[in-house]
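Chain letters run A, B, ... following the sequence lines, proteins first and then strands; every chain starts at 1.
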Amino acid sequence: MSFLADSLEHLVRGIVDNPDDVRVELVTTRRGRTLEVHVHPDDLGKVIGRGGRTATALRTVMGAIGGRGVRVDVIDTDR
Amino acid sequence: MSETAEVVGTEQDEVENQATEEAAEDTDAGNEDDLLVQEGDIAGDYLERLLDILDFDGDIDLDVEAGRAIVSIDGGEDLDKLVGPRGSALEALQELTRLAVQQETGSRSRLMLDVAGWRAGRREELRELGRSTAESVVSSGERVRLQPMSPFERKVVHDAVATVDGVTSESEGEEPKRRVVVLPSS
């Protein structure tokens with residue numbers, strides 16, 4: 001399933017100022033699969049977008065290619 | 001709740017901006033075209049890499065039409081996944097592709113993405129729907145409310161209704177339930 005993490009990483013790298021700081025990890029728990037997106041703190045706004053619009057677009061695309069139950073979480077690297 | 005409202009606001013702004021930008025862009029076509037070709041190239045690279053990672057078969061075609069870059073992906077059945085239910089994945093991927101272009105050019109992109117001919121097919125259906133609805137409103141004299149649609153879909157319907165005399169159309173409701181209403185013109 002690494003194509004999911006790889007494709008999300010690619011999609012995010014293309015839209016941020018610090019592409020080298022983008023890292024996506026696929027975390028599997030009993031509740032399902034979560035793609036954790038780690039970005040440079042300065043890029044957090046870009047990945048979330050106005051009104052959460054960009055994060056929603058990322059979730060929609062990943063849901064379409066990964067099937068139901070793939071969560072996308074955006075995480076600030078400072079955390 | 002406030003998040004939903006904000007998303008609605010930006011969508012509507014975008015549709016309105018598109019109309020005014022289109023008018024402005026008709027005047028200076030030369031340099032504009034170079035920028036649009038560049039937009040297509042950036043978008044093509046972004047999407048090609050995505051297809052590679054997904055191992056989807058697809059040919060990417062670039063074009064410039066009516067003042068905007070057009071990127072079309074055609075190929076295998078896998079591509080239906082990138083269209084999604086009622087084109088939702090396609091709209092999302094278009095949004096991300098526009099952002100990727102903006103990231104490189106520094107200016108906002110209005111490029112249009114089509115996958116597996118979805119927009120082309122949907123546009124034809126919606127034109128027919130717009131025309132036939134307009135004609136039934138002309139003969140009945142009663143307004144008709146259509147199903148909720150995306151901004152792209154509503155625009156196609158409004159344009160089709162506008163080709164029929166004696167009727168007009170407007171949109172009502174909030175995204176994602178915003179819908180076209182066709183009514184007799186007074």
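Of the two parts of B:L82, only the side chain, counted from C-beta on, holds a non-hydrogen atom closer than 4.5 Å to a non-hydrogen atom of chain A.
Placement of B:L79 and B:L62 within a single hydrophobic cluster is found when ILVMFWY residues are connected by side-chain heavy-atom separations under 4.5 Å, directly or transitively. Under the 4.5 Å side-chain contact rule for hydrophobic residues, A:V47 and B:L96 share a cluster. Cluster annotation: B:F56 is connected to A:L58 through the hydrophobic network of ILVMFWY side chains, with a link wherever side-chain heavy atoms come within less than 4.5 Å. Hydrophobic clustering, with ILVMFWY side chains joined whenever heavy atoms are under 4.5 angstrom apart, groups B:L99 together with A:L44.
The residue among B:E104, B:Q102, B:Q103 with the most heavy atom pairs within less than 4.5 Å of chain A is B:Q103.
Test A:I65, A:L4, A:D6 against B:L54 for side chain to side chain contact (heavy atoms under 4.5 Å, CB included) and you get one pass: A:I65.
A:L11 CG to B:L93 CG: the interatomic distance, rounded to the nearest 0.5 Å, is 7.0 Å. Of the inter-residue distances, the one linking A:F3 atom CZ with B:L50 atom CG reads 10.5 Å to the nearest 0.5 angstrom. Put simply, CD1 on B:I53 and OG on A:S7 are 6.0 Å apart, with the number rounded to the nearest 0.5 Å.
Annotation for A:I15 and B:A100: closest pair CG2-N, 3.6 Å, computed over non-hydrogen atoms. Smallest separation of non-hydrogen atoms from A:T60 and B:A92: CB-CB, 3.8 Å.
For B:R131, the CZ atom counts as densely surrounded, since its 6.0 Å shell holds more than 12 non-hydrogen atoms of other residues, nucleotides or ligands. Summarising the local packing, CG of A:N18 is surrounded by more than 12 heavy atoms from other residues, nucleotides or ligands at distances under 6.0 Å. Counting heavy atoms of neighbouring residues, nucleotides and ligands inside a 6.0 Å radius, atom CD of B:E172 exceeds 12 of them.
Between the A:H10 side chain and the B:L47 main chain, no donor and acceptor come within less than 3.5 Å of each other.
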